[in-house]
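Chain identifiers are assigned alphabetically (A, B, ...) following the order of the sequence lines, protein sequences preceding nucleic acid strands; residue numbering begins at 1 within each chain.
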Amino acid sequence: MPTVPFAPDVFTWPADEPQLIGSRCGVCAAVTFPEQPSCPRCGSVEMARRLFPRRGTLIAWTTQEFLPKAPYAGGETQETFKPFGVGLVQLGDEIRVEGRLTESDPEKLHSGGEVELTIIPFREDGDTQVVTFAFKPV
Amino acid sequence: MHDVAIIGVGLHPFGRFGTKSAIQMGAEAIRLALADAGAEWKDVQFAFGGSFEVDNPDAVVGLLGRTGIPFMDVYNGCATAATALEMTADGIRAGKYELGVAVGMDKHGTGAFTSDPTYYGAPSWYGENGQFLTTKFFGMKINRYMHDFGITSRTLARVAAKNYRNGVLNPNAFRRTAIEEDEILNSKMLNYPLTQRMFCSPDEGAAAVLLCRADIAHRYTSTPVFLRATALRTRRYGAYEVHSSWAAVDEDVAPTVYASRAAYETAGIGPEDVGVIQLQDTDAGAEIMHMSENGFCADGDQEKLLAEGATEIGGRLPVNTDGGLIANGEPIGASGLRQVHEIVRQLRGQAGDRQVPGNPKVGYSQLYGAPGTAGVAIMSL
């Protein structure tokens, strides 16, 4: 089954070692995720594409235990929905990004834990597997 | 700059009201505020109206009288009511008007708020991926705070139980049934560590505050409450806020901290002077963090303060004496003016069964919401 990212320009794909795609300010070195055309700190428009490290540290986390309303597009129903974790992950010393976690058991999640980027199935569109990004504990 | 006095407050109850429109509720809140001040609609020279759901809050003029006054509609997330209050006060401070009204009204459907993330500056995939949820942000923020400062889930339950108890004493509240701590802890987990009974609900309601130049307040009331300061702030670079797909490594404090400091400085009043407090309790964790963000305690002290009942109506830091958002729900446009209504009732000694003892002289209210906006008001006799 062919795999397609759930949105363009979020992570490099296809790739053996996919990376999240952001941007970095050429004036003040602020970084953003995803890319944006101007700097959130100094307002400059000199932003360049930046690929982030794949590994990081869990700064904060929670669980999503109810089915989100639209525009959520995971395709589950109330019956098939399974809780997922959400975390704020610091990648190197560059940036903190928010993303899903592959783990949703509070007993197995802790601040300061090491995690790595992974690409996981999100939903099936006909004969296409749509994939999203997530972090898994290392 | 002129000083500003609050001479009238009016509140349409918060809850669910069938087919009754938000505009009707807003008009009723204004009538109550006018009656409270002994003023008439024709005395009102201008107005600011706040709402999330209603495109034109100014349509209340169709129910009050089309007097042709300038009536400005505002929306500023969960800080909408604080914005309407500040704009109305500024019109009087600047000397342009003598008397005006700030009104807020809303009528939400059930369940967590949702929208198009691109309207909040977030990427559209943020919603498709299941991250565009305010409840998730509050879960993450309090979870980290509890880890860093030693706050337990029992303390979250104490906050929610207190606000439900205060709601029992408030005839205008949405939720008027006490809920025990264990039931709160055992209700459905929504976003760890926050359970369903720890969250407020979107609902319906309206509130209005009548303001005038302080030197003419005596024409309307013998007990004016002076609006000593208002402050609004947005998130700075470095703050991790609602609907953020990323945050900077170098952390900055939340916008509430900046709004709070600015309001204290303007008022010449410190947190130690405040006798009655209204804080944004979107959830029990938010009330805990907002206690320290607004200067009422150090980070981590909440564990002990809640255990000893310091934030109860009879405690030394009474917080959300009318039940807060947890018992009243959140009609976004009205929520912050409900806070002001409660502070004014408390300072006048008109809060009935939930009156804070000892004649409080200074009140404080704070709003916070998406996408990282805070509003603070300080009032005194």
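With a threshold of 4.5 angstrom between heavy atoms, A/A30 approaches chain B through its backbone and through its side chain. If you measure heavy-atom distances from B/T135 to chain A, the contacts under 4.5 Å come from the side chain alone. With a 4.5 angstrom heavy-atom cutoff, A/V10 touches chain B only via side-chain atoms. Of the two parts of B/L133, only the side chain, counted from C-beta on, holds a non-hydrogen atom closer than 4.5 Å to a non-hydrogen atom of chain A. Proximity to chain A (any heavy atom under 4.5 Å) is restricted, for B/E251, to the side chain, taken from C-beta onward. Using a 4.5 Å cut-off between heavy atoms, A/P40 contacts chain B through both its backbone and its side chain. Proximity to chain B (any heavy atom under 4.5 Å) is shown, for A/Q64, by both the backbone and the side chain.
Options A/A7, A/P34, A/P68 differ in how many heavy-atom pairs under 4.5 Å they form with chain B, and the most are formed by A/P34. Interface summary for chain B: among A/S104, A/G74, A/P83, A/G87, the most heavy-atom pairs under 4.5 angstrom belong to A/G87. When each of B/G130, B/A248, B/S244, B/P193 is checked for heavy-atom pairs under 4.5 Å with chain A, B/G130 comes out on top.
Here the OG atom belonging to A/S111 is positioned 10.5 Å from the CE atom belonging to B/M140, to the nearest 0.5 angstrom. Considering OG of B/S115 and NZ of A/K69, their distance stands at 11.0 Å, rounded to 0.5 Å. Here CD of A/Q36 is found 8.0 Å from OG of B/S245. Values are rounded to the nearest 0.5 Å. Here CD of B/E128 is found 11.0 Å from OH of A/Y72. Values are rounded to the nearest 0.5 Å.
Checking side-chain atoms of A/R100 against main-chain N and O of B/N129 turns up a donor-acceptor pair under 3.5 Å. Using a distance-only test at 3.5 Å, with no hydrogens or angles considered, a donor-acceptor pair links the side chain of A/T63 to the main chain of B/Y192. For B/N143 (side chain) and A/T62 (main-chain N/O), no donor-acceptor pair under 3.5 Å exists by modelled atom type. Side chain of B/K188 to main chain of A/E65: a donor-acceptor pair is present (N/O by atom type, distance under 3.5 Å, no hydrogens or angles).
The distance between the ring centers of B/W246 and A/F52 does not fall below 6.0 angstrom.
Residues B/W125 and A/T132 have side chains not in contact (no heavy-atom distance under 4.5 Å, counting atoms from C-beta outward). A/P71 is not listed as a side-chain neighbour of B/Y126, based on a closest heavy-atom distance of 4.5 Å or more. Two residues are said to be in side-chain contact when any heavy atoms from C-beta on lie closer than 4.5 Å; A/E94 and B/V249 fail this criterion. Taking the side chain as every heavy atom from C-beta outward, B/Y240 and A/I59 never approach each other to under 4.5 Å.
The environment of CD in A/Q129 is crowded: more than 12 heavy-atom neighbours from other residues, nucleotides or ligands sit within 6.0 Å.
A pairwise comparison of heavy atoms in A/I95 and B/A247 identifies CG1-O, 3.7 Å as the closest pair. Heavy-atom minimum distance, B/N191 versus A/F66: OD1-CE2, 3.4 Å.
By the 4.0 Å N-to-carboxylate-O rule, B/K136 lies close enough to A/E98 to be salt-bridged with it.
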